[in-house]
Number of protein chains: 2
Amino acid sequence: MSEGSTAKRVRRTKAEQRAETLEQILDAAEYLFSKNGLHGVTLRDVAQRVGVHTTLLHYYFDDKLSLFEAVFARRAKVTSDRRMEAMARYEAEAGDEPTVEGALHVFLDTDFDLYIERGEPWMNYAAFCARVSNTPEGAALMDEHFDPVVLKLISILKRALPEMPEEDIFWGYHFVTGALMNTFARTGRIDRLSGGLCKSDDFPAVKARMAKFMAAGLLALRGEHGSTG
Amino acid sequence: MSEGSTAKRVRRTKAEQRAETLEQILDAAEYLFSKNGLHGVTLRDVAQRVGVHTTLLHYYFDDKLSLFEAVFARRAKVTSDRRMEAMARYEAEAGDEPTVEGALHVFLDTDFDLYIERGEPWMNYAAFCARVSNTPEGAALMDEHFDPVVLKLISILKRALPEMPEEDIFWGYHFVTGALMNTFARTGRIDRLSGGLCKSDDFPAVKARMAKFMAAGLLALRGEHGSTG
DNA sequence: ATTATCTATAGATCTATAGATAATGC
DNA sequence: ATTATCTATAGATCTATAGATAATGC
């Protein structure tokens with residue numbers, strides 16, 4: 001009884017202990033922030049979820065916002081780098097003739113695979129990003145971490161659509177990212193609307209449809225569409 | 001000086017006063033909630049913006065969540081009814097042959113026109129909805145107020161796409177609403193990404209592109225797309 | 001000797017309620 | 001006489017800091 005929780009306490013080095021605690025804190029914060037946003041989560045909530053005292057969060061992070069930013073930053077580089085590399089490979093393969101659908105498949109599917117393969121923690125990160133993207137405190141973070149990968153996609157799309165006005169390509173991306181964030185958010189609304197036919201958690205189903213859908217949408221913007229904008 | 005603010009105080013009836021104060025409170029709350037979400041706004045913030053004492057909010061509303069729900073409900077019926085009627089008219093006109101693009105034009109453009117015509121307060125409501133749609137406390141509100149109008153759209157789309165599996169239509173709607181909410185949110189991200197070429201506030205530009213884009217996307221889902229989902 | 005974690009607590013807010021005051025209503 | 005608004009305040013949190021204790025490091 002008095003040794004109930006010693007199973008794991010096989011004596012860790014300080015570096016290990018630090019890394020482990022940090023990861024637990026970030027996981028808990030990621031989960032809670034993804035559900036309730038920056039202001040909907042207290043440091044106490046996070047600490048309780050980890051099973052640690054609130055003040056420990058101040059030992060590892062300056063303040064609440066720093067924790068929030070650290071959650072964002074932890075996985076941002078992984079997803080960004082993966083997509084950057086995948087798009088570079090695609091560009092090499094496609095040579096002078098990249099296609100809209102090809103570019104979107106690489107951009108979207110590479111990311112979906114990440115979440116599908118690695119499961120809940122990464123799905124939570126996706127949900128976290130969806131919330132952040134909607135938020136004043138998140139705007140700068142999105143710009144900072146994801147501008148390069150987005151602009152890379154845009155540059156391939158431009159080559160695939162040389163005659164299309166740039167605005168149209170940007171608006172197309174605006175639709176793509178909106179749909180993507182709505183997927184990441186996993187609100188459950190599509191489950192209820194469809195009577196269970198579709199499930200918010202079913203990223204494979206979205207992956208199977210999204211690139212084709214968005215490519216067709218972008219291509220449809222060719223030709224006139226009023227003079228507005 | 002001592003009568004500085006009497007210009008408007010032309011003696012109002014209590015009902016008028018009540019209505020006016022209520023509207024000011026809802027406007028202020030709508031604006032603030034749209035920016036910072038339920039938890040990112042205090043009753044004090046709202047009261048200060050109106051220029052009234054915090055406790056007055058408790059006189060008009062049970063608690064903070066009631067105020068939040070009242071903000072949602074105030075304009076929900078207007079946008080829902082407008083779209084319902086527009087879709088009914090479209091169905092009457094189109095008879096046996098509604099089109100995907102026609103249905104989406106009615107659903108989307110009718111709403112965009114509302115925000116474009118009536119300006120900032122309604123644009124704030126749209127931003128408020130975008131935030132709510134992403135939020136646990138908002139899920140039930142979205143269902144309650146917007147299920148009928150969405151299911152109406154879905155039913156027209158089904159008639160326009162009789163051979164398409166229902167899931168595909170629901171996933172198509174999922175993309176549409178994601179893009180729509182991203183527009184409503186007006187985060188400014190597309191402005192920065194595009195170097196000012198596109199503007200988050202430019203609903204006419206989105207209106208000019210969105211229905212065509214989404215219709216093409218939906219139509220592209222016809223035919224095989226793997227067996228996933 | 002250093003680092004990780006906890007105890008104690010200050011100071012600021014926040015929501016909400018009770019009850020007083022100042023308007024309009026008849 | 002009723003309704004709208006404000007004053008005063010309770011009680012609960014919340015963030016953050018200072019300083020104590022309990023581990024690991026050499």
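Sequence lines set the chain letters: A, B, ... in the order given, protein chains first and strands last, and positions in each chain run from 1.
Counting heavy atoms from C-beta on, the side chains of A:W122 and A:D111 never come closer than 4.5 Å. Taking the side chain as every heavy atom from C-beta outward, A:R186 and A:N124 approach each other to under 4.5 Å. For the pair A:L57/A:R44, no side-chain contact is recorded, criterion being any heavy-atom separation below 4.5 Å from C-beta on. Side-chain contact between B:M210 and A:F175 is present, with heavy atoms from C-beta onward closer than 4.5 Å.
The distance between atom CD of B:Q24 and atom C1' of D:dT5, rounded to the nearest whole Å, is 13 Å. In this structure, CG of A:L57 is placed 11 Å from C1' of D:dA16, rounded to the nearest angstrom. Atom-to-atom, NZ of B:K14 to C1' of C:dA22 comes out at 10 Å; the value is rounded to the nearest Å. Distance B:Q48 CD to D:dC6 C1': 15 Å, rounded to the nearest Å. The separation between A:D45 atom CG and D:dA12 atom P is 18 Å, rounded to whole Å. Put simply, CD on A:Q17 is 9 Å from C1' on C:dT5, counting in whole angstrom units. In this entry the distance linking CZ of B:F68 with C1' of C:dC14 reads 18 Å, nearest Å. The distance from atom CD of B:E16 to atom P of C:dG25 is 9 Å, rounded to the nearest whole Å.
Here D:dT5 is the nucleotide among D:dA16, D:dT5, D:dT2 with the atom lying nearest to any side-chain atom of B:Y60.
Residue A:K64 places no side-chain atom within donor-acceptor reach of the base of D:dT15, judged by atom type and a 3.5 Å distance cut-off alone. Evaluation of atom-type donor-acceptor distances gives no pair under 3.5 Å for the side chain of A:T21 against the base of C:dT5.
The local environment of CD in B:E23 is sparse, with at most 12 non-hydrogen atoms from other residues, nucleotides or ligands closer than 6.0 Å. Residue-environment remark: NZ (B:K158) exceeds the threshold of 12 foreign heavy atoms within 6.0 Å.
Ring-plane geometry between B:F72 and B:F146 is classed as tilted, the angle between the planes lying from 30 to 60 degrees on a 0 to 90 degree scale.
When each of A:T55 and B:V52 is assigned the nucleotide of DNA chain D bearing its nearest heavy atom, the one mapping closer to the 5' terminus is B:V52. Of the two residues contacting DNA chain C, namely B:R44 and B:A15, the nearest-nucleotide position lying further toward the 5' end is that of B:R44. Along DNA chain C, the nucleotide closest to A:Y59 and the one closest to A:H53 are compared, and the more 5′ of them pairs with A:Y59. In terms of position on DNA chain D, the residue among A:D62 and A:T42 whose nearest nucleotide sits closer to the 5' end is A:T42.
Helical stems in DNA chain C, defined as runs of 3 or more consecutive Watson-Crick or G-U wobble pairs with donor-acceptor distances under 3.5 Å: C:1-24 with D:1-24.
Across all strands shown, B:L56 has heavy atoms under 4.0 Å from base atoms, whether or not it also approaches the sugar-phosphate.
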